There are 2 protein chains.
Amino acid sequence: MSLAHVILGLLQQQEQTGYDLKTECFDQCIAHLWPADQAQIYRTLDKLESQGWIDCTVEIQRDRPNRKIYRVTTAGAAELTRWLQTHQPLPIAREPLLVQLYFAAQLPDEAILQLLRAELAAHQAKLSTCNQIEAPPLHDSTASREQMLRRLALELLCRREQTYLDWLTEAIALFSNTA
Amino acid sequence: MSLAHVILGLLQQQEQTGYDLKTECFDQCIAHLWPADQAQIYRTLDKLESQGWIDCTVEIQRDRPNRKIYRVTTAGAAELTRWLQTHQPLPIAREPLLVQLYFAAQLPDEAILQLLRAELAAHQAKLSTCNQIEAPPLHDSTASREQMLRRLALELLCRREQTYLDWLTEAIALFSNTA
DNA sequence: GTCCTATATATGACTAGTCTTATATTAGCA
DNA sequence: TGCTAATATAAGACTAGTCATATATAGGAC
């Protein structure tokens, strides 16, 4: 249940509501690390609260629905620290495009090229959104520890997209030659 | 429901049982593209059959449980061809390690290094299993179209692992210097 | 003799995540 | 006047995937 730990981490940085988590964290950069929809965020908040890892105070608003502001408890902080140091299993990446290529021998080159070009465009778009996330360069010694670690995480995202782009470009060249 | 299409593809190559699919396909190379457990394979076979995309004949065995040998129907073959040409959404990669790094500022360097080293070892192991999958080199002109496409898919898997290894090695160096 | 493995299929219980809709109020726009 | 967007939380229905267990038979290991 890593989503629970993402939320613990975010709440430790700043106490906030489920709505804030969704609009300011998950819809922004966290989406690249661990996408989550609104329903899942609220359910995980409920679970974290019943576990005693977070608690909340209700801020009564007249003109808007009340806000439940969550913060990490002592037990929650201990759990986060424990989890942060525990090696997690490798992520399972299920890649529809690779499956398609694996069975694509029956398709004409032009159909394969269309698949590859569509994937290339999608990865180019993703790389450009990753590049738009602000972060100091990897070897900037004035950056804080937080900034450096975030830059490091972001760096892998960008490199992964670049790996895709390089591979797709070569694959397209391969099929363009034989076509 | 890509697992359904993986199974359609595999059955189109060779009619076989759920047990065969599990032990000879999913436990071997397909696991790298689309891992699936036994329960999910059998349930998907049921669903594919009720959709009319596959059918089966029962081979009665005296000394062993009977075998249900599945094959792709005409409708199933048409569905596979359609799916193979349809652009699929980018895979969602949820990376626990990146989440950990993102919130790791509170940890000492040594704890971060331990995380990075464990991940490096895991990715080294994965790369070596990927490298053990037999496939002709990418530019071997004597390879069949099937072999070439499989080599291409495998090539991305290997490059992805190499990208991880490079990034992890640099990250480890970064923290070893500051430590 | 008992345990484990292989062969083969099936199902129950569960987790994580998605999609949709409900509720309630305010503000802005056309 | 009616529509939409923003602010907030909640829950129902569903899908995909995981984990464990059940069933049945044969053969080999200890």
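Proteins come first, then strands; the chains are lettered A, B, ... in the order of their sequence lines, and each starts at number 1. For clarity, every value in this text was computed on a predicted model and none was experimentally measured.
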Looking at C:dT9, D:dA11, D:dC19, which one has an atom nearest to any side-chain atom of B:A39?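 Closest nucleotide to the B:A39 side chain: D:dC19.
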So if I take every side-chain heavy atom of B:D37 and compare against C:dT7, D:dT18, D:dG17, which nucleotide ends up nearest?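 Taking heavy atoms from C-beta onward, the closest nucleotide is D:dT18.
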Rounded to the Å, how far apart are [X] [atom1] and [N] [atom2]?
{"X": "B:R67", "N": "C:dT9", "atom1": "CZ", "atom2": "P", "answer": "7 Å"}
{"X": "A:I7", "N": "C:dA16", "atom1": "CD1", "atom2": "C1'", "answer": "13 Å"}
{"X": "A:Y19", "N": "D:dA10", "atom1": "OH", "atom2": "P", "answer": "15 Å"}
{"X": "B:I41", "N": "C:dT11", "atom1": "CD1", "atom2": "C1'", "answer": "16 Å"}
{"X": "B:I92", "N": "C:dG17", "atom1": "CD1", "atom2": "C1'", "answer": "9 Å"}
{"X": "B:N66", "N": "D:dT23", "atom1": "CG", "atom2": "C1'", "answer": "13 Å"}
{"X": "B:R43", "N": "D:dA20", "atom1": "CZ", "atom2": "C1'", "answer": "11 Å"}
{"X": "B:D46", "N": "C:dA10", "atom1": "CG", "atom2": "P", "answer": "6 Å"}

Any base atoms under 4.0 Å from [X], or only sugar-phosphate, or nothing? Heavy atoms, all strands.
{"X": "B:T23", "answer": "nothing"}
{"X": "A:K47", "answer": "sugar-phosphate"}
{"X": "A:T17", "answer": "sugar-phosphate"}

Counting just side-chain N and O atoms, does [X] come under 4.0 Å of either OP1 or OP2 of [N]?
{"X": "A:R94", "N": "D:dG17", "value": "yes"}
{"X": "A:Q61", "N": "D:dA8", "value": "yes"}
{"X": "B:R64", "N": "D:dT25", "value": "no"}
{"X": "A:K68", "N": "D:dA10", "value": "yes"}

For the pair [X] and [Y], find out whether any cationic side-chain nitrogen is under 4.0 Å from an anionic carboxylate oxygen.
{"X": "B:R145", "Y": "A:D109", "value": "yes"}
{"X": "B:E119", "Y": "B:K126", "value": "no"}
{"X": "A:E146", "Y": "A:R150", "value": "no"}

Of A:P65 and A:Q40, whose nearest nucleotide on DNA chain C comes first from the 5' end?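 First, find each residue's nearest nucleotide; the 5'-ward one identifies A:Q40.
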Which residue lies toward the 5' end of DNA chain C, A:Q38 or B:Y42, if each is placed at its nearest nucleotide?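 Result: B:Y42.
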From the options A:R67, A:R71, A:K68, select the one residue that forms a salt bridge (Lys or Arg N to Asp or Glu O under 4.0 Å) with A:E15.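 In the set A:R67, A:R71, A:K68, the residue that makes a salt bridge (Lys or Arg N to Asp or Glu O under 4.0 Å) with A:E15 is A:R71.
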Describe, in one word, how the ring planes of A:H5 and A:W53 are oriented to each other, choosing from parallel (under 30°), tilted (30 to 60°) and perpendicular (over 60°).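 It falls in the tilted class, 30° to 60°.
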